[in-house]
Amino acid sequence: MKTLKEVGFNAEKTVENGNKFLLGNGRLGYRGTLDEFGSSACVGLNVAGVYDGVKGKWRETINAFNPFYMLVTADGVPLDVRNGNVLRHAVELDISKALFIRDTEFSVNSRKVSLHCERFVNYADKTNLCSRAVITADGDVDLDVKVGVDTDVWELNGPHFKGVRTGADGHAVYASAVTQEAGRRIDVVCRYSQPINSFSGGFAHITAKLKKDEPFVLDRIAFVLLGGKAAEYGYEQAYGLHLSEWEKTWQRCRVLFGDERAQFALDYSVYHLAILAPDGDYSIAARGLSGQTYKGAVFWDTEIFMLPFFLNSLPDCAKRLIKYRIDTLPQAKQKAAHYGYGGAFYAWESQDGYDACSDFNVTDVFTHRPVRTYFKDKQIHISADVAYAVLEYYVHTGDRELMLSGGLETVLQCAEFARTYSYYNHVKNRYELLDVIGPDEYHERVNNNAYTNYIFHEITVRGVRLAKELSAPVSGELLSGLEEWAAKLYLPQPDGRGVIEQFDGYFALEDVSVAEVRSRLAHPNEYWGGSGGVATATRVIKQADVIMLFNLFPDLFTLDVQKANYDFYLPYTEHGSSLSHCAYALTACRIGRPDEAYKAFLDSAEIDLRGGGKQWAGEVYIGGTHPAASGGAWLTAVRGFGCKGEGNEI
Ligand code: IFM
């Protein structure tokens, strides 16, 4: 398998490379930064599913203290890649082994000193991460290695720890604290293979006399503990366990695909999904384990874009993802009740089932004021997405037990929510879903978004059918109410051209190109949507919307209709969301446009390889990895190119 390598150091790529070279084991994510870096370089050790909120700021997942801080000084000269005494430098991510490697050669007075470091986040032990540093020189030099568990953490909405304590014993340094909100204790420990000579201010020094061409090796075995004890192993043993887990994972997950470029892009996507595989009662955040963007919350990205990969390749994880939604059904019912509806309204940005989505999710770049956004209140399709995922899980696994212990209830409560949300139009004798936001977030508070209406219709019909099939003990009144409702729910039909209107009145919006709308921006980070965004009064959409329907329900629409909509909506799509390219790629496969599908596949699969994507929504940082795009790339390969479509005979 190819590895990802970057030669030379470019300070401007520090944040991007943190994402690109990310390591993870489902519980911990360690950004692809360098040993000598600190919080200002966005070093991050992100912990999945552990949230903290500081009064007045957004609640988010925590970044733990950094156990891999290390600054080597050789004959008094710091080996820091930013210092200008670098002779050569490269970083590499070997995705087959989930191993990060950095190799830097420094000029130190008249000597050459090289620093080779490898690190991995142990896939076999979710508390463990290890690093091995090998330092060599072409002459004798005095080494001072400053190491420690750095408590100066990169945080977006922190500080998340109180009662921070650091300490050391002969071979280890530790930092402990509790989270601000829940008082959850966290201990980060790092053991060294060389004895510590001194310790002060939270950092230890290890000194050595380095002889010409004799390597100095320092292993660092670190643990992030939220309870429990650290294992006792050394580097080799931990690495062996890690490798054998990855070997099994690649055997299960690798898809042999296309040319070298496409194959690597797909392998890289699979890697990014596999490093997120949850091992507990939490789910996957929209920016994975790359940091605190989007508050470490779980969006529809997981159910619609990532779940298919897990269902096929890592089914135990798929079950955990589904269980997460079933277990948070009470919070979804609470949210529905809060807005005055029945059933279950899932969190748009779920943190333990509670909605982390702010009423003001964007900050205006001109006034610096928060902008009222309605994602939390109006993006109701989230409940249908969850229900769809539960039903898909059943189709793939036939797991009756899970359906009868919460799965079916989840589906029906999501349907019931939509029923109570809907409005009965007496004149047209139909139910309508008014005042919603579809997948295209630039158009808020619209009526009868096609995606929303169709997906609720489908999950309702399928949910009722499943209840009957399983002879589940469900109220007959609930079922007949849902059946009657679904039969009268308005489903926007293709017009004379075969195009389905994205929402009522969409066709009447200004018919203008994406380029034209972009040219109207007065600030590069300006938000395009909301009440006064540049796209709001136009047909320009943020991401695939109607097209998503064809990917979820390809059999409901003729290929002619799919083609007509693809051709109609593609030119209006900004792809301002990483969820967009893959949606078009999948449809392109079905309608016989393999070349377009290939390009869109690469746009999705290479998103984190290319970097440079949208980093800001207004003044809010939205950078990080894009696991939904990775999931979408996998979907395109397997369910797009891998299935029979007009253009792909198999
Ligand atoms: O879930 C997406 C949404 O569709 C578009 N904005 C970003 C979210 C998280 O990826």
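Just so you know, ligand 1 is whichever comes first in the structure, and atom 1 is the first atom listed for that ligand.
- The nearest heavy-atom contact from the protein to atom 10 (O) of ligand 1 is D301 OD2, 2.6 Å.
- Atoms of ligand 1 found under 4.0 Å from any heavy atom of K542 (numbered from 1 in listed order, with element): 5 (C), 6 (N).
- Counting heavy atoms closer than 4.0 Å to ligand 1, residue L579 contributes side-chain atoms (C-beta onward) but none from N, CA, C or O.
- Shown here are the salt bridge (charged side-chain N to carboxylate O under 4.0 Å, His left out) partners of E16, two or more places apart in sequence or in another chain: there are none.
- Between the side chain of K335 and the backbone N or O of K376, at least one donor-acceptor pair lies under 3.5 Å.
- A side-chain hydrogen bond (donor to acceptor under 3.5 Å, both in side chains) with N551 is found for exactly one of Q562, R590, R639, namely R590.
- Judged by a 6.0 Å distance limit and a 45° cone about the ring axis, R445 is positioned over the six-membered ring of Y374.
- Assignment of Q543 to the shell around ligand 1 is supported, since a heavy atom sits closer than 4.0 Å.
- In the vicinity of W300, heavy-atom distances shorter than 4.0 Å reach the ligand 1 atoms 1 (O), 2 (C), 3 (C), 4 (O).
- In terms of the side-chain contact (heavy atoms from CB on, under 4.5 Å) criterion, residue partners of A605 (sequence neighbours excluded) are, by chain and number, A265, S269, F601, A633.
- What sits closest to atom 7 (C) of ligand 1 on the protein, heavy atoms only, is Y294 OH, 3.4 Å.
- Distances below 4.0 Å separate heavy atoms of A286 from the following atoms of ligand 1: 9 (C), 10 (O).
- The shortest contact between atom 3 (C) of ligand 1 and any protein heavy atom is with E441 OE2, 3.5 Å.
- Under a cut-off of 6.0 angstrom, the local environment of NZ in K599 is sparse, with at most 12 non-hydrogen atoms contributed by other residues, nucleotides or ligands.
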